[in-house]
Amino acid sequence: MAVHGLAATTTTPTPKAATQTPSAPATRAVHRLLLMKGLTATEAASLTAFMCGLPTTDLRWSLKQVNQLLFLRRMYETGRFENLDGGARRH
């Protein structure tokens, strides 16, 4: 079927979570830029965490922690593991 002279194409649907989450910035590049601007490593990591949508109230982040949490968040969003994964084993 043609629409306004264009051939209709089929697209692969994308998962809901992938379309709802804004992409996180390249954390290492952001962290490095903030360090070059004069922030301490802790300040730069906390600001990077904030930019990625992570809570920053009364928390001190390291860049490694930010990247680990973003990785786990992405795994959950793409359905790689569920809420009960990593919980206590059933006997």
Side-chain angles (χ1 to χ4, degrees):
M1 169 180 231
V3 178
H4 299 290
L6 299 174
T9 59
T10 59
T11 59
T12 305
T14 55
K16 269 186 171 181
T19 59
Q20 292 177 349
T21 305
S23 61
T27 55
R28 286 186 184 181
V30 170
H31 188 262
R32 187 172 32 252
L33 180 65
L34 292 171
L35 290 174
M36 290 176 16
K37 295 293 182 179
L39 274 69
T40 66
T42 303
E43 292 169 336
S46 292
L47 186 52
T48 302
F50 175 78
M51 293 172 62
C52 293
L54 300 177
T56 55
T57 306
D58 298 327
L59 295 174
R60 291 185 176 213
W61 291 97
S62 70
L63 184 59
K64 181 179 179 180
Q65 291 170 326
V66 171
N67 285 330
Q68 287 173 338
L69 190 55
L70 291 175
F71 171 77
L72 292 174
R73 177 196 280 174
R74 186 70 182 144
M75 293 286 288
Y76 177 75
E77 289 170 347
T78 58
R80 298 292 182 133
F81 64 88
E82 299 294 326
N83 289 334
L84 300 177
D85 286 349
R89 291 184 179 177
R90 293 184 191 176
H91 294 281

Visitor: Scan the side chains in residues 40-56 for donor-acceptor partners under 3.5 Å anywhere in the protein, sequence neighbours excluded, and list what turns up.
Guide:
{"residue": "Thr40", "atom": "OG1", "partner": "Glu43", "partner atom": "N", "Å": "3.1"}
{"residue": "Thr40", "atom": "OG1", "partner": "Glu43", "partner atom": "OE1", "Å": "3.3"}
{"residue": "Glu43", "atom": "OE1", "partner": "Thr40", "partner atom": "N", "Å": "2.9"}
{"residue": "Ser46", "atom": "OG", "partner": "Thr42", "partner atom": "O", "Å": "3.1"}
{"residue": "Thr48", "atom": "OG1", "partner": "Ala44", "partner atom": "O", "Å": "2.7"}

Visitor: For the CG atom of Leu70 and the CZ atom of Arg74, what is their distance to the nearest 0.5 Å?
Guide: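 CZ of Arg74 is found 11.0 Å from CG of Leu70.
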Visitor: Answer yes if Met36 and Val30 sit in the same cluster of Ile, Leu, Val, Met, Phe, Trp and Tyr residues linked by side chain heavy atoms under 4.5 Å apart, and no otherwise.
Guide: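 Different clusters: Met36 never reaches Val30 through Ile, Leu, Val, Met, Phe, Trp or Tyr contacts under 4.5 Å.
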Visitor: In Å and rounded to the nearest 0.5 Å, what is the CG to CG distance from Asn67 to Leu69?
Guide: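 Output value for this atom pair is 10.0 Å.
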Visitor: Restricting to side-chain contact (heavy atoms from CB on, under 4.5 Å), what partner residues turn up for Lys64, sequence neighbours left out?
Guide: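 Lys64: side-chain contact (heavy atoms from CB on, under 4.5 Å) contacts with Ser62, Gln68.
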Visitor: OG1 of Thr27 to CZ of Arg32: how many Å apart, nearest 0.5 Å?
Guide: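 One gets 9.5 Å once the value is rounded to the nearest 0.5 Å.
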Visitor: Restricting to non-hydrogen atoms, name the atom on Arg60 and the atom on Gln65 that form the minimum distance, rounded to 0.1 Å.
Guide: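 Smallest interatomic distance, heavy atoms only, reads O-OE1, 3.7 Å.
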